[in-house]
Amino acid sequence: MAENLDLFEVNKLFILGRPIVSIFHNDSNMYSIVRVKIQETNLQYNEKEIIVVGYFPKLNDDELYRFTGTMKSHPKYGLQFQVETFVKEVPATEQGIIHYLSSDLFPGIGRKTAEIIVEKLGVDAIKKIMEDPEALDAVPRLNEEKKMTIKQTLEQNLGLEKIMIQLNDWGFGPQLAMKIYQTYREETIHLLTENPYRLIEDVEGVGFGRADELGARLGIVGAHPDRIKAAVLHVLTDAALSEGHVFLDAEHVLPHVKTMLEQSQREEIQYEAISKAIIEMREESKICGEETRLYLPSLYYSEIGIASKILDLLNHNDKQERFTKDEIRKAIGEVEERLEVSYAETQVKAIECALNSSVMILTGGPGTGKTTVIRGLVEVYAELHGLSLNPKEYAQKEEPFPIVLAAPTGRAAKRLAESTELPAMTIHRLLGFNGQEKEEETEREVEGRLIIIDEMSMVDTWLAHQLLKSLGEDAQVVFVGDQDQLPPVGPGQVLKDLLASKQIPTVELIDVYRQAEGSTIIELAHQIKKGNIPNTIAEKTTDRSFIKASAPQVASVVTQVVKSAIAKGQSIRDIQVLAPMYKGPAGIDMLNKQIQELVNPNADGSRKELVFGDVVYRIGDKVLQLVNQPESNIFNGDMGEVVAIIRAKETVEKQDLLVVSYDGNEVTYQRGDLNQITLAYCCSIHKSQGSEFQTVIMPIVRSYSKMLRRNLLYTGITRAKNFLILCGEPDVFAGGLAKTDDLQRLTSLKARLNPMEVEDLEIVEVQSDSLKHENQSESKISGEVKEQQAMFYMKGEVLEPVLNAETAPYIHPLIGMEGVSPYDFQED
DNA sequence: CTGTAATA
């Protein structure tokens, strides 16, 4: 029998106890750390006190709470109890209530009084008082003051339950209700009755539909301004999140809002009412408007912020410490010698350009050596500035490392760190995000003089703004990326817009180094980039093939392919299956499971396993770390291998343990930490961007359709160095290829950088010198930006939103649509 | 539906 350590056999753990001291409490997100004196528990835990961690409001000393949750071990602070739910324990015995009422919580109430109350009202005393404040009148010899004390204290302390009951009544489940309570606390009922639509903005997980239901219950119906405004925000947010738009045209917003409102409640809404609401929102700064474009404020100010910072940097160009061509060439020569590499002419140009610009873009397709240039740039920069590249030296002197490397995903950051042998991190970590604060709140300045951002195509408008905002005055920034690869998950297309503006010095690498000469993968990639399906797609070539398979077959076909690749002598580490999404029968989770069964099976059930949710871990499994854990020196993106599974009875803590080795750094996970890792046989295409693999296997099935796009296919395919195996349905592949969101993302960043139609910058043709590469072609380097152009940047006065009551016609539904009736917008 | 982030 398998030595399964099943999660589901574990009983729900609880602690009944009183807080002794609050160690930490974050008022904005309720994250709390409290030392609790245990009164009762079903934990295997012998101490009298325990550290309790979780999201809950300030607790009262001396009151009894019931926590449920799990035990976990913090790498630095040891064993703790992670709270999932908590409730105040209302005393259920006469003695308990007497003790409770006579405690310090109720000043002026002594034991005698408490006894009398219980005598008169019974064990239900507290419930009775909460339900009916008059109940205390039945108690003799209790003056008004004392009655008030009791009522108020109970109200304050048990108010949570009351609010929860109301929220449940309004249709919110316990989890969501807690989240809502954490947001509004005592004010919950009051604020929601006033405007239920605030939930959409304030509480994640509540959408327009949910809020509108509550609105209807509270009598906010039809053309109520709050209702219309909520719908407008919803339409803009939805466009930003699902389609990547930074703004929408008013003429598009109006019919959209109308339809939405009329679908939710069957009452006709006039366009005039929507126009009026939009103007008001503009005045209240709930949205921003420019000509007929409507923006969410965060996106509007982000875009302006990006443009302004970029132009500042361009203006700053002259003040940078410059190097002559000779100095740079000499330094490059030295670096080439030391690293035993030889840079192509374009690569040298790129390094030169980066050294002498405040901001520049390094672009080029997959495998063109962008990473090589980053490595070289860092070395040459250090050489020229006489800097050490040993991070330890800076740590000793407590000085910031002068070169900052960052990328938008953990895996890409890891890859960057590996290829440069320097510290690299996610942009989020660089900026000190903690996952809680509202945008605009981080004010960290990035210390470092050379900032290199890799995989810039995946950086959205919000993040780009935060990043640029945090750069120092004299920073030099290099954006590295490929606009044909994945766009951001969030709104905008910053890299694409920056390139399209032609305002920023740019070097494009063209020669392909990753794949071998004559690779048909490259040929396929070129076709895909253009949107063509080569007629050779179904043909098997030396380095790629397309195996037709129906959706239900695909998972088993993928595993068969993995199996035969291994049979041909490839290592599982060199084989990577890539898929767009996690869920579903051909999703990443399922594929991981199937591949694991094949390459690391437990057929006879004799091996040790650790079961966590749907995942089984065995020794030898390839895993991926998903969150940062500086305490253990592991970070999002690290890949490791399971080296040990230790069962609860074999450990001191009586906990199941899983040990993963990250290049020799062994990290121990408890059950509660296992959500930090995942199997890594198959990973998302998003995470794979930046990496390369000997063999890539890509399933393509209809269930992926929502996500399939040309740049996703392109990114996945170009990860393959030697072999590419596509499996699935050719027509689905064709459908994905036809979908581009290039021109569909509405943004105005390019326009902000190009306020006037400027003539195209001179393009300097550079002859590539890498004759050894067959597929060479010319490379382009656009000239430096003239200062004059940068000065055309529109400051506030030009960009001042023009939407107000006087310019209302701008957002009239019929703008630009003469002869069209509003009813033409109504579908069906 | 893809990505990121943590407090003593």
Side-chain angles (χ1 to χ4, degrees), chain A residues 21-35 51-56 72 74-80 82 204 238 240-244 406-414 425-439 441-442 444 453-464 466-467 485-492 494 578-584 586-589 624-632 635-637 673 675-676 678 682-690 701-709 711-713 715-716 736 739 741:
Chain A
V21 57
S22 167
I23 297 171
F24 179 83
H25 179 77
N26 179 337
D27 232 9
S28 61
N29 68 12
M30 300 280 175
Y31 181 74
S32 310
I33 304 168
V34 180
R35 181 181 292 277
I51 303 289
V52 163
V53 180
Y55 296 88
F56 41 82
K72 67 162 204 173
H74 189 283
K76 194 163 153 197
Y77 302 104
L79 277 185
Q80 303 181 327
Q82 179 76 49
E204 202 193 319
D238 193 53
L241 296 181
S242 64
E243 286 165 77
T409 72
R411 195 56 211 147
K414 181 69 186 175
M425 58 188 110
T426 60
I427 300 171
H428 303 77
R429 189 168 155 75
L430 175 68
L431 298 178
F433 287 4
N434 62 21
Q436 290 297 338
E437 71 244 324
K438 301 238 156 74
E439 322 117 47
E441 271 175 25
T442 38
R444 178 186 288 201
I453 306 297
D454 200 4
E455 302 303 346
M456 187 62 190
S457 71
M458 292 199 283
V459 175
D460 68 33
T461 300
W462 288 313
L463 188 60
Q466 299 286 351
L467 172 69
Q485 290 188 53
L486 292 171
V489 172
V494 177
L578 298 177
M581 52 201 269
Y582 290 92
K583 302 272 175 268
I588 295 165
D589 294 336
L624 178 67
Q625 170 78 15
L626 298 169
V627 297
N628 294 328
Q629 265 252 23
E631 308 284 359
S632 318
F635 298 89
N636 182 351
D673 306 327
N675 54 359
Q676 297 179 2
T678 179
C682 176
C683 87
S684 73
I685 299 181
H686 274 80
K687 283 202 180 107
S688 79
Q689 182 162 323
V701 293
R702 199 165 305 279
S703 58
Y704 297 165
S705 291
K706 263 186 195 159
M707 290 217 63
L708 288 181
R709 252 160 252 277
N711 40 23
L712 188 96
L713 292 168
T715 302
K739 260 203 272 177
D741 62 3

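Not measured: the values here are computed from a predicted model. Below, read A as the first sequence line, B as the second, and so on, with proteins coming before strands; counting in each chain starts at 1. Worth knowing before you read on, the calculation uses all heavy atoms, side chains too, and leaves out hydrogens, waters and symmetry mates.
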What integer distance in Å separates A:Gln82:CD from B:dA8:C1'? 14 Å
Of all the choices, B:dA6, B:dG3, B:dA8, which nucleotide is nearest to the side chain of A:Tyr582 once you look at every atom? B:dG3
Against the side chain of A:Gln80, the closest entry in B:dA6, B:dT2, B:dA8 is B:dA8
Can you tell which of B:dA5, B:dT2, B:dA8 lies closest to the side chain of A:Asn636? B:dA5
By nearest atom, which of the nucleotides B:dC1, B:dG3, B:dA8 is closest to the A:Ile23 side chain? B:dA8
Stacked pair A:Tyr31-B:dT7, distance under 5.5 Å, angle under 30°: yes
Select base, sugar-phosphate, or nothing to describe what A:Gly410 touches, counting heavy atoms under 4.0 Å on all strands. sugar-phosphate
Side-chain donor/acceptor of A:Gln629 to base of B:dA6, under 3.5 Å: no
Given atom CD1 of A:Ile685 and atom C1' of B:dT2, what is their separation to the nearest angstrom? 10 Å
Base, sugar-phosphate alone, or nothing: which one does A:Lys76 contact when heavy atoms must sit under 4.0 Å apart? nothing
Ranking B:dA8, B:dG3, B:dC1 by distance to the side chain of A:Ile33, first place goes to B:dA8
With side chain to side chain contact (heavy atoms under 4.5 Å, CB included) as the test, pick out the partner of A:Phe433 among A:Leu463, A:Thr426, A:Ile427. A:Leu463
What is the separation between atom CG on A:Asp589 and atom C1' on B:dT2, rounded to the nearest whole Å? 13 Å
I'd like to check the ring-ring contact (aromatic ring centres under 6.0 Å, His included) partners of A:His25; sequence neighbours left out, ordered by chain and number. none
Looking at every heavy atom in both A:Thr409 and A:Met458, which two are closest together, and how far apart are they? CG2-CE, 3.7 Å
So, taking the atom named NZ in A:Lys739 and the one named OG in A:Ser705, what distance separates them when rounded to the nearest 0.5 Å? 6.5 Å
Can you check the A:Gln466 CD to B:dA5 C1' distance for me, whole Å? 12 Å
Atom of A:Leu578, atom of A:Ser688 and distance for their closest heavy-atom approach: CD2-CB, 3.5 Å
From the options B:dA8, B:dT2, B:dT4, select the nucleotide whose nearest atom is closest to the side chain of A:Val489. B:dT2
Would you please confirm or rule out a distance under 4.0 Å between OP1 or OP2 of B:dA6 and any side-chain N or O of A:Arg429? yes
What nucleotide among B:dA5, B:dA8, B:dT4 has an atom nearest to a side-chain atom of A:Thr409? B:dT4
Of B:dA8, B:dT2, B:dA5, the nucleotide closest to the side chain of A:Phe24 is B:dA8
Quick check: on DNA chain B, is the nucleotide nearest A:Lys706 upstream (toward 5') of the one nearest A:Pro408, or the reverse? Name the residue that is more 5'. A:Lys706
Side chain of A:Asn628, heavy atoms from C-beta onward: which of B:dA6, B:dA8, B:dC1 has the nearest atom to it? B:dA6
In whole angstroms, how far is the P atom of B:dA5 from the CZ atom of A:Phe433? 10 Å
Once you round it to whole Å, what is the distance between C1' of B:dT7 and CD1 of A:Ile51? 15 Å
Quick check: closest heavy atoms across A:Leu708 and A:Val701, and the distance to 0.1 Å? CD1-O, 4.2 Å
Separation of B:dG3 atom P from A:Met458 atom CE, nearest Å, is 9 Å
Of A:Lys583 and A:Val53, whose nearest nucleotide on DNA chain B comes first from the 5' end? A:Lys583
Figure out the CD1/P separation between A:Ile453 and B:dT4, and round it to whole Å. 15 Å
